[in-house]
*Asks:* 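Have a look at this one.
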Amino acid sequence: MLYRFRVIDRLPEKPSEAATRGTLVHAVLERLFDAPAAERTAPTARALVPGQWDRLRESRPEVGELFADDPEGERLAQWLAEAERLVERWFSLEDPSRLEPAERELFVEAELDSGLRLRGIIDRVDVAPTGEVRIVDYKTGKAPRPQYAEGALFQMKFYALVVWRLKKVVPRRLQLVYLGSGDVLTYDPVLADLERVERKLLALWEAIRLATETGDWRPRPTKLCGWCDHQAHCPEFGGTPPPYPLPVRAADSGAVAQGRMGPD
């Protein structure tokens, strides 16, 4: 249902303070590597925050509305200070003076044999002198509990799948850096992991294709629903979706139930 609201109905979404802070912190960590290794210090990184905030407001004026009701700038100052704390915490987890990323904010795209095209933006790619690849993603929230770690790793396995399809190389390590809690989650994938992810993606896309053709979309409630902008349109909250803008056909009687991702 969220896919429909975003991709088909194109309903607007308001920027949030948390997501915007994440964008700001990512920009700072990316720009820090423009400096020589010896200058990649915590004070240098903190000093980048105001300038990157100005650049973000210029490129996305709508984020300025987050603090429209803050004429004295107190809430904005606290928000920027939290961004600086997140940036500083990174230095307790990694040493950027010893890193020379091969890529930053790397856009990747690959087409599967089925014709399904996958796209993503990888925060950082490190390549060892031996050629081994590490994919790194920064998270400004807290690390998930162990029982939910697999969901967090799915994004990283997705990136690994795209890199494998592009370069024919399975990344040696996937690394999630959680600045909110100061944790680092790592996983060393094998080819079988990526093949399972590909099968899940194909099953998911088939469910999306079927829903697109029939207009039969189902909400899938999660804890994130509380932050969703589309509750007024979502049946899960008693809302009514907008009129479906695409032609529809009757669903096949033998169609697989939506939301089922199929066996591994």
*Asks:* With sequence neighbours excluded, give me every side-chain hydrogen bond (donor to acceptor under 3.5 Å, both in side chains) pair touching residues 18-29.
*Replies:* His26-Asp123
*Asks:* Tell me whether Met156 shares a hydrophobic cluster with Val184, the cluster being built from Ile, Leu, Val, Met, Phe, Trp, Tyr side chains joined at under 4.5 Å.
*Replies:*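 Not linked; separate clusters.
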*Asks:* Can you get from Leu32 to Leu106 by hopping between Ile, Leu, Val, Met, Phe, Trp and Tyr side chains that sit under 4.5 Å apart?
*Replies:* no
*Asks:* What I want to find out is whether Arg40 reaches Glu100 closely enough, with some N-O distance under 4.0 Å, to be called a salt bridge.
*Replies:*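 A salt bridge is present here (some side-chain N lies under 4.0 Å from a carboxylate O).
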*Asks:* Between Arg75 and Asp69, is there a donor-acceptor pair closer than 3.5 Å when you use the side chain of the first and the backbone of the second?
*Replies:*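 Between the backbone of Asp69 and the side chain of Arg75 there is no qualifying donor-acceptor contact (under 3.5 Å).
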*Asks:* Compare all side-chain heavy atoms of Val25 with those of Trp90 and state whether any distance is below 4.5 angstrom.
*Replies:*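 SC-SC contact between Val25 and Trp90 ruled out.
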*Asks:* Do Val170 and Val190 come close enough that some side-chain heavy atom pair is under 4.5 Å?
*Replies:*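 When only atoms from C-beta onward are counted, Val190 and Val170 do not touch, as no gap falls below 4.5 Å.
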*Asks:* Look up atom CG in Leu174 and atom CG in Asp188, then write down how far apart they are to the nearest 0.5 Å.
*Replies:* 7.5 Å
*Asks:* Which one of Leu161, Val162, Leu153 satisfies the side-chain contact (heavy atoms from CB on, under 4.5 Å) criterion with Val197?
*Replies:*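 Result: among Leu161, Val162, Leu153, Leu161 is the only option passing the side-chain contact (heavy atoms from CB on, under 4.5 Å) with Val197.
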*Asks:* Would you name the heavy atoms of Phe5 and His233 that are closest together and state the gap between them?
*Replies:*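 Taking Phe5 first and His233 second, the nearest heavy atoms are CZ-O, 3.4 Å.
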*Asks:* I need the minimum non-hydrogen distance between Asp216 and Arg218, along with the two atoms involved.
*Replies:* OD2-NH2, 2.7 Å
*Asks:* Could you list who else is in Phe107's hydrophobic cluster, with ILVMFWY side chains joined at under 4.5 Å, directly or through other members?
*Replies:* Ile121
*Asks:* Report yes if some heavy atom in the side chain of Gln175 is under 4.5 Å from a heavy atom in the side chain of Glu94; otherwise report no.
*Replies:* yes
*Asks:* Heavy atoms, side chains only, cut-off 4.5 Å: are Thr44 and Arg31 in contact?
*Replies:*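 Answer no - side chains too far apart.
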*Asks:* Verify salt bridge (Lys or Arg N to Asp or Glu O under 4.0 Å) between Asp229 and Arg6, making sure each step is shown before the conclusion.
*Replies:* CA-CA 10 Å; Asp229 284 340; Arg6 286 176 169 172; over 6 Å; no
*Asks:* Kindly indicate whether the side chain of Val125, heavy atoms from C-beta on, has any atom under 4.5 Å from the side chain of Val163.
*Replies:*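 No - every pair of side-chain heavy atoms lies 4.5 Å or more apart.
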*Asks:* Looking at Arg85 and Glu88, does any basic side-chain N land under 4.0 Å from a carboxylate oxygen?
*Replies:*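 Between Glu88 and Arg85 there is no salt bridge, as every charged N stays at least 4.0 Å from the carboxylate O atoms.
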*Asks:* Measure the spacing between CD of Glu150 and OH of Tyr187 and express it to the nearest 0.5 Å.
*Replies:* 6.5 Å
*Asks:* Is there a path from Val108 to Leu176 through hydrophobic residues (I, L, V, M, F, W, Y) whose side chains come within less than 4.5 Å of each other?
*Replies:*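 Yes, it is one cluster - the side chains of Val108 and Leu176 are joined through contacts under 4.5 Å.
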*Asks:* I'd like to check Leu179 versus Leu93 (side-chain heavy atoms, cut-off strictly below 4.5 Å). Are they in contact?
*Replies:* yes
*Asks:* What ring pair (Phe, Tyr, Trp, His ring centres under 6.0 Å) pairs are there with at least one residue in residues 48-72, not counting sequence neighbours?
*Replies:*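 Every ring pair (Phe, Tyr, Trp, His ring centres under 6.0 Å) pair that includes a residue of residues 48-72, provided the two are not neighbours, is Trp53-Trp79, Phe67-Trp79.
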*Asks:* Examine Leu86 and Leu99 and state if one hydrophobic cluster contains both, with Ile, Leu, Val, Met, Phe, Trp and Tyr joined whenever side-chain heavy atoms are less than 4.5 Å apart.
*Replies:* yes
*Asks:* Please determine if Arg46 and Glu84 form a salt bridge, counting it only when a charged side-chain N lies under 4.0 Å from a carboxylate O.
*Replies:*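 Salt bridge flag = no for Glu84 with Arg46.
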*Asks:* Which pair of non-hydrogen atoms, one from Pro50 and one from Ala47, has the smallest distance, and what is that distance?
*Replies:* CD-O, 3.4 Å
*Asks:* Tell me if a side-chain donor or acceptor on Arg89 pairs with a main-chain N or O of Gly180 at a distance below 3.5 Å.
*Replies:* yes
*Asks:* In terms of hydrophobic clustering (I, L, V, M, F, W, Y; side-chain heavy atoms under 4.5 Å; direct or indirect links), are Tyr178 and Val136 co-clustered?
*Replies:* no
*Asks:* Got a second to check how far Asp193's CG is from Lys157's NZ, nearest 0.5 Å?
*Replies:*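 If I round to the nearest 0.5 Å, the distance is 4.5 Å.
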*Asks:* Find the distance between OG1 (Thr186) and CD1 (Ile135) and round it off to the nearest 0.5 Å.
*Replies:*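 That separation rounds to 13.5 Å.
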*Asks:* When rounded to the nearest 0.5 angstrom, what is the spacing between CZ in Arg4 and CD1 in Ile208?
*Replies:* 14.0 Å
*Asks:* Taking all heavy atoms of Leu202 and all of Ser114, pick out the closest pair and write down the distance.
*Replies:* CD2-OG, 3.1 Å
*Asks:* If you compare all heavy atoms of Leu194 against all heavy atoms of Pro189, which two are closest, and at what distance to 0.1 Å?
*Replies:* CD2-CB, 4.4 Å
*Asks:* For a 4.5 angstrom cut-off between non-hydrogen side-chain atoms, does Glu13 reach Leu11?
*Replies:* no
*Asks:* CG/Leu24 to CZ/Arg57 distance, rounded to the nearest 0.5 angstrom?
*Replies:* 10.5 Å
*Asks:* Taking Arg55 first and then Glu58, would you say they form a salt bridge - that is, a charged N and a carboxylate O separated by under 4.0 Å?
*Replies:* no
*Asks:* Should the pair Asp126-Arg173 be classified as a salt bridge under the 4.0 Å nitrogen-to-oxygen rule?
*Replies:* no
*Asks:* Using side-chain contact (heavy atoms from CB on, under 4.5 Å) as the criterion, list what pairs up with Ala77, not counting sequence neighbours.
*Replies:*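 With neighbours one apart ignored, the set is empty.
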*Asks:* So which heavy atom on Asp183 is nearest to which on Ser181, and how close?
*Replies:*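 Smallest interatomic distance, heavy atoms only, reads OD2-OG, 2.7 Å.
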*Asks:* Tell me which donor-acceptor pairs under 3.5 Å the side chains of residues 235-245 have, and how far apart each pair is, sequence neighbours excluded?
*Replies:*
from, atom 1, to, atom 2, distance (Å)
Tyr244, OH, Thr212, O, 2.7
Tyr244, OH, Trp217, NE1, 3.4

*Asks:* Do Asp34 and Arg104 have side chains that approach each other closer than 4.5 Å (heavy atoms only, starting at C-beta)?
*Replies:*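 Of all side-chain heavy-atom pairs linking Arg104 with Asp34, at least one is under 4.5 Å.
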*Asks:* Output side-chain donor-acceptor pairs under 3.5 Å for residues 138-148, partner residues at least two apart or in another chain, one line each.
*Replies:*
from, atom 1, to, atom 2, distance (Å)
Tyr138, OH, Arg124, NH1, 2.9
Lys139, NZ, Asp137, OD2, 3.1
Lys139, NZ, Gln155, OE1, 2.7

